[in-house]
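The chain is numbered in sequence order, starting from 1. Whatever order the structure lists ligands and atoms in, that order sets their numbers, starting from 1. On a predicted model such as this, the values are computed, not experimentally measured, just so you know.
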Amino acid sequence: MSLPLTEEQRKKIEENRQKALARRAEKLLAEQHQRAGSGSCIAANSSQSKQGLPPNLPREPPKPVSHGVLFKQQDLSSSSTGDQRPPNPHHFHLSTPQQAKGSGKIHEDVPTACLSHSPPSQMTATRVSPPLAKSPPGAPTQQLLCYQSGQASHETKSTPFANTAREPLAKAKSFQKTPASSFGQPHRDPGLDAKAERPSTSGQNISDSRCGSGSVTARPEGRLSQKSGASFHKAVSSQQGACIRSGDRFQVKIGYNAHLIAVFKSLPSRSYDPATKMWNFSMTDYSALMKAAQSLPSVTLQPLEGAEDSRELPSADGVAQARLPSAPSLAFVKGRCVLISRARFEADIGYSEHLTAVFKQMDSRNYDAKTRRWSFLLEEHNKLIAQVRCLPQVQLDPLPKTLTLAFASQLEKTSPCVPETIPEADLSGVDSKLVSSLLPFQRVGVNFAIAKRGRLLLADDMGLGKTIQAICIAAFYRKEWPLLVVVPSSVRFTWEQAFLRWLPSLSPDRINVVVTGKDRLTAGLVNIVSFDLLSKLEKQLKTPFKVVIIDESHFLKNIKTARCRAAMPILKVAKRVILLSGTPAMSRPAELYTQIIGVRPTFFPQFHAFGLRYCDAKQHPWGWDYSGSSNLGELKLLLEEAVMLRRLKSDVLAQLPAKQRKMVVIAPGRISTKARAALDAVAKEMTTKEKTNRQQKEALLLFFSRTAEAKIPCVIEYVLDLLESGREKFLVFAHHKVVLDALTKELERKHVQHVRIDGSTSSADRDDLCRQFQLFESHAVAVLSITAASMGLTFSSADLVVFAELFWNPGVLLQAEDRVHRIGQSSSVSIHYLVAKGTADDYLWPMIQEKIKVLGEAGLSETNFSEMAEATDYFHKDPKQQQIYDFFQKSFEEDGSDRELLEAAESFDPGSGFQDLGGMLDESTLTDSPLKKRRFEFFDNFDSFTSPL
Ligand SMILES: Nc1ncnc2c1ncn2[C@@H]1O[C@H](COP(=O)(O)OP(=O)(O)OP(=O)(O)O)[C@@H](O)[C@H]1O
């Protein structure tokens, strides 16, 4: 048994204790100051949370942090002394010797027992040494709470862990509550000191051991002891989190904590957002959550901003209460205005009595019971926003500025909304050939563009004649030329042909097709350049182009690409911008952003604002994710109002011919020097008089084969461009094995699903492959031999046929075309003939046209190539070419020429093998365009949107 201490000893002990406490408090204070923005006690140690609490703890009646300590101490004193007296409402004090005797021990009344009846300020004044009491406001309150909790924790620490402590303070504390010595005083016991110096068996350091004491105890008051330990732990090592408002709910931002999750799961309004990995709750669960969180030693939750501090304050009955966010904070609602039609917008916001009262004052109000939203005419937008701003507990974000600008006429008007009528443009200054050829819907497109002052995204479905419309719009602004036309490189010459065809008033020598990086970008009145060359040549631009056409404008969808970076500044300064794309966004609204600002540079100056509104932007630890979509209805309205015109094939089918043929002049520049030399050599042989008929014929066959070989890179490039442009399903016909092989090889390389049918395919396989193509959406391309697959097969799931090679027999071509143009085809069919200048195509193309004309005149063909396709004057009739042409005609009209040519094509070997052909293919010039992803069908979804009102 210990002897009673003398008064002097007690005094000395108390002095020492005060000094130790002050040092500790100062240390904590210094740590707190280092943690910027932290209003609570923080410690790096998270072992406590791992040690955990009994699983039922979160469900215990919540006890504020130091409150737990407080009750613990009361229990302790009563349990150890049996003293039922009310605790001394003053500072901590020493028990009388009698009391000590009664307990069989000398002990100090537990300081916190006194503090339990002291408000926090008193606690500070009585328990904390002057330096701490003088701590700056803000941090101090909590620091003190932490400190006190920590202190209490020491005092209630259970013995098993006490002897693991190494620091003097901890050692001192470790004696206080041992069964042998429950003094609140440091008490040196050499034996225990020695034990304390031993390494911890649990491997815990001093703070660990304290944590342990907080969470593990075998004594009856263990649960409370845990709370006090938890309180201390909150002070130094709890996991930090925060409550954040989210509309009319709140989220909890914190890392994983099993106990907290158990709490979350017990709350009725819980909801988990897997995207943000955050739980959110309705405000009705706020107080319950905060209380439960406070009882968790491993967690410190920052309350909601604006909510009152929920730390405990003593109530009248001496029991601390967690103060909840005040009533007005709970009623805070936040939302935004969303456009739902050209004339109306709705308030996407939670319930507020005051807000509803404001809504009811609006003349145009309409309540949708289904969506539980109010909507109003746009003309009441500004009035509503002004009135809502007077409500302190409501935040209703107005429509974005872009929308109010785009719909300015609706915002200002006072009459009911009438559909906007597009005025008829005066096209008298444009070539009459072009104007008279416009189909009615194309004329509407031109009118729309001119109503939009020559800035638009023409997003008509593929094959609807965007080229003719773009040329007409540009021609309307001819006085502002030179014109810049930026296109995929595979269609540069097709555009040249289209200008020649539709604008006879334009002299051919005023058209400048930029072919190499050395060419001048501004040499012509009409300058046609590929995206890739534009990025190399844009520095040449001294004076900006005022009129710009961008074909396949979705090529600009990624702002980070060189092509986009080159084009955007040009679009910004141009007066007229005509963007063309059948698939402006293939997978997500984010792809539209560059095209929108290309047309309207003042719209959404920051992508983030666009992303937040239309891309369902989400923040992740690694950054923002804009790959989603949101508010598509509003986006559609905005695009239609100010940016885009889009018609589907089905909208205008009645105006379309059943078949639309297009001659695509593929780039001669892509034919390698080696291939060109080979072609020239055989062309010479064909016209050499000394050669026998047989030799000349052999030369012709070789010419035909060399043409196939030379076209391969251009064909591949064109097919890849089609895929990148979003073409879903199409057929590619070729004749030579070498072309079919090159195509399938490239499709395999790019992982494009395809089928191939050639002379070597068995009839059973032919049907099977055909069925696969018809049934499976994933099969994008059918690579077909002109002669082996032009009959008896149905490929009506496609609506585009590409002829990679020409064939001298037009009957075979027409049959091949009809693989898609047949019963089951509900759409207008597009046929693209790829024609390469300087090859056998120079002779084959006019020959085919001629033959079809004859067939048509004889009533044997309903189609007339020369009327449908561009570049009917493509053939250059110089004497040498005429000679070859005549030879072609003669040869192909002879009996048996088909057979001979077919055999030649089958057996044609490019000589040095396909590997060497790679050199001729000039791989470097191929577009390394990313493979077309299967369309997510953003626009399919988009097209199906209907205005709710
Ligand atoms: N009014 C017209 N008169 C005659 N031919 C037309 C007319 N409109 C379009 N065509 C022809 O239809 C074919 C398809 O036109 P165009 O290439 O301009 O379509 P597109 O909308 O640009 O298709 P894509 O998106 O696939 O490029 C072309 O051969 C074109 O000459």
Just jot down the ligand 1 atoms closer than 4.0 angstrom to any heavy atom of [X], in number order.
{"X": "Thr467", "value": "16 (P), 17 (O), 18 (O), 22 (O)"}
{"X": "Ile468", "value": "1 (N), 2 (C), 8 (N)"}
{"X": "Arg661", "value": "29 (O)"}
{"X": "Ser437", "value": "1 (N), 2 (C), 3 (N)"}

Would you check whether [X] reaches within less than 4.0 Å of ligand 1, judged by its heavy atoms?
{"X": "Gln469", "value": "no"}
{"X": "Arg727", "value": "yes"}
{"X": "Asp460", "value": "no"}

Determine, step by step, whether Ser428 and Asp426 satisfy the side-chain hydrogen bond (donor to acceptor under 3.5 Å, both in side chains) criterion, reporting the C-alpha distance in whole Å, the side-chain angles of both residues, the deciding distance to 0.1 Å, and the verdict.
-> CA-CA 6 Å; Ser428 54; Asp426 175 10; 2.8 Å; yes
Contact check, side chains of Met568 and Ile597, non-hydrogen atoms, under 4.5 Å =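 When only atoms from C-beta onward are counted, Ile597 and Met568 do touch, with a gap below 4.5 Å.
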Could you tell me whether the side chain of Val732 reaches within less than 4.5 Å of the side chain of Leu784, counting heavy atoms only?
->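 Answer no - side chains too far apart.
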Mind checking whether Gly582 has an N or O less than 3.5 Å away from an N or O of ligand 1?
->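 No; every N/O pair is 3.5 Å or more apart.
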Could you tell me whether Gln442 and ligand 1 have an N or O pair separated by under 3.5 Å?
->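 Yes, at least one N or O pair falls under 3.5 Å.
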Listed partners of Arg478 passing salt bridge (Lys or Arg N to Asp or Glu O under 4.0 Å), at least two apart =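 If we apply the salt bridge (Lys or Arg N to Asp or Glu O under 4.0 Å) test to Arg478, skipping adjacent residues, the hits are Asp431.
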Option among Leu571, Thr594, Asn558 that satisfies the side chain to side chain contact (heavy atoms under 4.5 Å, CB included) test with Cys564 |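 One option only clears the test, and that one is Thr594.
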Using the benzene-type ring in the case of Trp, are the ring centres of Phe704 and His735 under 6.0 Å apart?
->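 When the ring centroids of Phe704 and His735 are compared, they turn out to be within the sub-6.0 Å range.
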Looking at Phe773 versus His779, is the centre-to-centre ring distance below 6.0 Å?
->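 Judged by ring-centre distance (under 6.0 Å), Phe773 and His779 do not meet the cut-off.
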Name the one of Phe807, Phe803, Phe733 that satisfies ring pair (Phe, Tyr, Trp, His ring centres under 6.0 Å) with Tyr833?
->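 Looking at Phe807, Phe803, Phe733, the match for Tyr833 under the ring pair (Phe, Tyr, Trp, His ring centres under 6.0 Å) is Phe803.
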Per atom 19 (O) of ligand 1, closest listed option by heavy atom (Gly465, Ser830, Ala470) |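 Among Gly465, Ser830, Ala470, the closest heavy atom to atom 19 (O) of ligand 1 belongs to Gly465.
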Per atom 14 (C) of ligand 1, closest listed option by heavy atom (Arg443, Gln660, His832) |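 It is Gln660 whose heavy atom sits nearest to atom 14 (C) of ligand 1.
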Location of contacts on Trp502 toward ligand 1, heavy atoms closer than 4.0 Å =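 It is the side chain that touches ligand 1; the backbone stays farther off.
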Region of Met462 that comes within reach of ligand 1 [heavy atoms, distance under 4.0 Å] =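 Both backbone and side chain.
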What pairs with Ala449 under side chain to side chain contact (heavy atoms under 4.5 Å, CB included), at least two apart in sequence or on another chain?
->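 In terms of side chain to side chain contact (heavy atoms under 4.5 Å, CB included), with neighbours along the sequence ignored, Ala449 is linked to Leu456, Ile473.
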